[in-house]
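Computation of the quantities below employed the complete heavy-atom set of this structure, encompassing side-chain atoms and omitting hydrogens, waters and symmetry-equivalent molecules. Every number for a ligand or one of its atoms is a count from 1 in the order of the listing.
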Amino acid sequence: MDDLEKTVRVELGDRSYDILIGPGLIARAGAEIAGRLKGRRMAVITDEHVGARYLDALTASLAAEGISVFPLTLPAGERTKSFDPLIRCCDHVLEAKIERNDAVIALGGGVIGDLTGFAAGIVRRGTRFIQIPTSLLAQVDSSVGGKTGINSRHGKNLIGVFHQPDLVLADTDVLDTLPPREFRAGYAEVAKYGLIDKPDFFEWLEKSWRDVFAAGGPARIRAIAASCQAKADVVAQDEREAGLRALLNLGHTFGHALEAATGYDSARLVHGEGVSIGMVLAHQFSARMNLASPDLARRVEAHLRAVGLPVSMDEIPGGLPSAETLLEAIAQDKKVKGGKLTFILTRGLGQSFVADDVPPSEVLSFLREKLGG
Ligand code: NAD
Ligand code: GLY
């Protein structure tokens, strides 16, 4: 094991699993998987960008352990999280004759991970599933915790199942080929863990983000491992989001509405960028509700802007719909209880909480102000 490698365990009883984080893990994937799973047939689902770079190396590593590989390469981008690609994945897994002891492997970012996990969750009422996340976002968030699914014309992630992976292999070397914009987008989810309940981590990021962005080295691996540990702790306590897990949605209520408003067009907005703008809005809205100071919102905005993330809605190219339309998307994304909305708000740095009594009228006037109307 490399000195830089870290392991985080997600404790879920007999469904517990390891997240291995470090360099060179794709080359070692065959050995890691063969040591844990009996099956010797694996469907690998990837996208065109990731497949072109890493599918051969993964196939060779699996073949060296006597594992037969059945690859499927899909178009890259958020629009792949939809019904037609889901059907292709399910058919592919069935045609490859993947049995219950075999596995379906997701090789890619969060789009491939969410889609593949959903297919694995529903084929034969649940097939083994391995995540090999290749984007920063997928390594720190989407590959961990078992939320899988696709988008609907009614909104983001509205169709899916909980289906935990058997293993997560986060090879940090592959981040070197991630486009800088996508690295920044993943960083929004890293910063999120600090803002939820780890003020010391956020302060460390404010000082050390350049080391996290620099290729290789311990700061990047430390940030990924700390993020996975934070998520694993929450998932172990609240796998199905009865309460605590909702905190992981900090920034997502606004962010998902913006993703829907931009038609899931990755050229205009990618998920992590929506989360960045959404976290700033959540802090500004908390200040407006007199829960936290406006200085905190400015501090969060300053940090996310420093790393190069968008921090306000007017940075999204191509114009946005009205405040009323955004509010409709928000109401669709998060259940409305007794006419009130649920948001993750904050009382201070790293003091986020679930507010389930937010009046829609307050959100509407806030959005109108922010949209300048
Ligand atoms: P993505 O999967 O679209 O990947 C971003 C882009 O980077 C794609 O073009 C991809 O081909 C490319 N890419 C990925 N790895 C690469 C690499 N190593 N080298 C070169 N290019 C690479 O997007 P994402 O940001 O990884 O994931 C976003 C998705 O994750 C959203 O759909 C979001 O809803 C979902 N998500 C899910 C959870 C969850 O708990 N399931 C949590 C957070 C986000
Ligand atoms: N990304 C939110 C969750 O996994 O619960």
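Atoms of ligand 1 lying under 4.0 Å from at least one heavy atom of Asp47, given by number and element, are 10 (C), 11 (O). Every atom of ligand 1 is numbered from 1 in the order shown, and the set under 4.0 Å from a heavy atom of Val50 is 13 (N), 14 (C), 15 (N), 16 (C), 22 (C). For ligand 1, the atoms sitting less than 4.0 Å from at least one non-hydrogen atom of Asp141 are 42 (C), 43 (C), numbered in the order shown with element in parentheses. The ligand atoms of ligand 1 that sit less than 4.0 angstrom from a heavy atom of Gly109 are 2 (O), 26 (O). In the vicinity of Lys147, heavy-atom distances shorter than 4.0 Å reach the ligand 2 atoms 2 (C), 3 (C), 4 (O), 5 (O). Listed by number with element, the atoms of ligand 1 under 4.0 Å from a non-hydrogen atom of Val111 are 1 (P), 2 (O), 3 (O), 27 (O), 29 (C). Each of the atoms 9 (O), 11 (O) of ligand 1 lies under 4.0 Å from some heavy atom of Ala76. Shown in contact with Lys156 at under 4.0 Å from a heavy atom are these atoms of ligand 1, numbered in order with element: 31 (C), 32 (O), 33 (C), 34 (O). Distances below 4.0 Å separate heavy atoms of Asp114 from the following atoms of ligand 1: 35 (C), 36 (N), 37 (C), 39 (C), 41 (N).
Checking only distances, Tyr54 never comes within under 3.5 Å of ligand 1, N or O to N or O. Of the N or O atoms in Arg245, one or more lie within a sub-3.5 Å distance of an N or O in ligand 2.
Contact annotation for Asp141 and ligand 2: only side-chain heavy atoms (C-beta onward) come within less than 4.0 Å of the ligand. Of all the heavy atoms of Asn157, the ones lying under 4.0 Å from any atom of ligand 1 belong exclusively to the side chain. By the criterion of a heavy-atom distance under 4.0 Å, the side chain of Glu182, and not its backbone, is placed next to ligand 1.
Cluster membership check: Leu349 shares its hydrophobic cluster with Val275, using side-chain heavy-atom separations under 4.5 Å among Ile, Leu, Val, Met, Phe, Trp and Tyr. Residues Ile33 and Phe129 fall into different hydrophobic clusters, defined by Ile, Leu, Val, Met, Phe, Trp and Tyr side chains chained together at heavy-atom separations under 4.5 Å. Hydrophobic clustering (side-chain heavy atoms under 4.5 Å, transitive across Ile, Leu, Val, Met, Phe, Trp, Tyr) groups Leu247 together with Val300.
Open room surrounds CZ on Arg347; 12 or fewer heavy atoms of other groups in view lie less than 6.0 Å from it. Few gaps surround CG on Asp265; more than 12 heavy atoms of other groups in view lie less than 6.0 Å from it.
Nearest non-hydrogen protein atom to atom 31 (C) of ligand 1 is Glu78 OE1, 3.3 Å. Closest to atom 15 (N) of ligand 1 among all protein heavy atoms lies Thr134 OG1, 2.8 Å. The shortest contact between atom 26 (O) of ligand 1 and any protein heavy atom is with Ser135 OG, 2.5 Å. Shortest contact from atom 12 (C) of ligand 1 to any protein heavy atom: His49 ND1, 4.1 Å. Here the protein heavy atom with the shortest distance to atom 2 (C) of ligand 2 is Asn249 OD1, 3.6 Å. With respect to atom 24 (P) of ligand 1, the closest heavy atom belonging to the protein is Gly110 N, 3.5 Å. Considering only non-hydrogen protein atoms, atom 39 (C) of ligand 1 sits nearest to Ser142 CA, 3.5 Å. Counting only heavy atoms of the protein, atom 17 (C) of ligand 1 lies nearest to Thr177 OG1, 3.6 Å.
Taking every heavy atom of both residues into account, Val111 and Lys81 meet most closely at O-CG, 3.7 Å. Smallest separation of non-hydrogen atoms from Leu25 and Leu20: CD1-O, 3.4 Å. In terms of heavy atoms, Ser61 sits closest to Ala27 at OG-O, 3.0 Å. Of all non-hydrogen atoms in Tyr193 and Ala230, the two that sit nearest each other are CD2-CB, 3.6 Å. Across all non-hydrogen atoms, the minimal contact from Arg124 to Glu99 is NE-CA, 4.4 Å.
The closest approach between Lys231 and ligand 1 falls below 4.0 Å for a heavy atom of the residue. Using a 4.0 Å heavy-atom cutoff, Val270 is absent from the residues neighbouring ligand 1. For the ligand labelled ligand 2, residue Lys231 lies inside the 4.0 Å heavy-atom shell. The closest approach between Glu259 and ligand 1 stays at or above 4.0 Å for every heavy atom of the residue. Contact between Pro179 and ligand 1 is present, with at least one heavy atom of the residue lying under 4.0 Å from the ligand.
Of the residues listed (Ile21, Val190, Ile19, Val212), the one engaging Ile224 in a side-chain contact (heavy atoms from CB on, under 4.5 Å) is Ile21, and it is the only one. Screening Ile130, Thr59, Leu62 against Val44 for a side-chain contact (heavy atoms from CB on, under 4.5 Å) leaves a single residue, Leu62.
Classified by interplanar angle (parallel below 30°, tilted 30° to 60°, perpendicular above 60°), the ring pair His303/Phe202 is perpendicular. Between Phe285 and Phe254, the ring-plane angle classifies as perpendicular under the 30° and 60° cut-offs. Using cut-offs of 30° and 60° for the angle between ring planes, the His256 and His252 rings count as perpendicular.
When the options Leu137, Leu115, Leu107 are ranked by their closest heavy atom to atom 25 (O) of ligand 1, first place goes to Leu137. Closest heavy-atom approach to atom 13 (N) of ligand 1 among the candidates Asn151, Leu178, Val174: Leu178.
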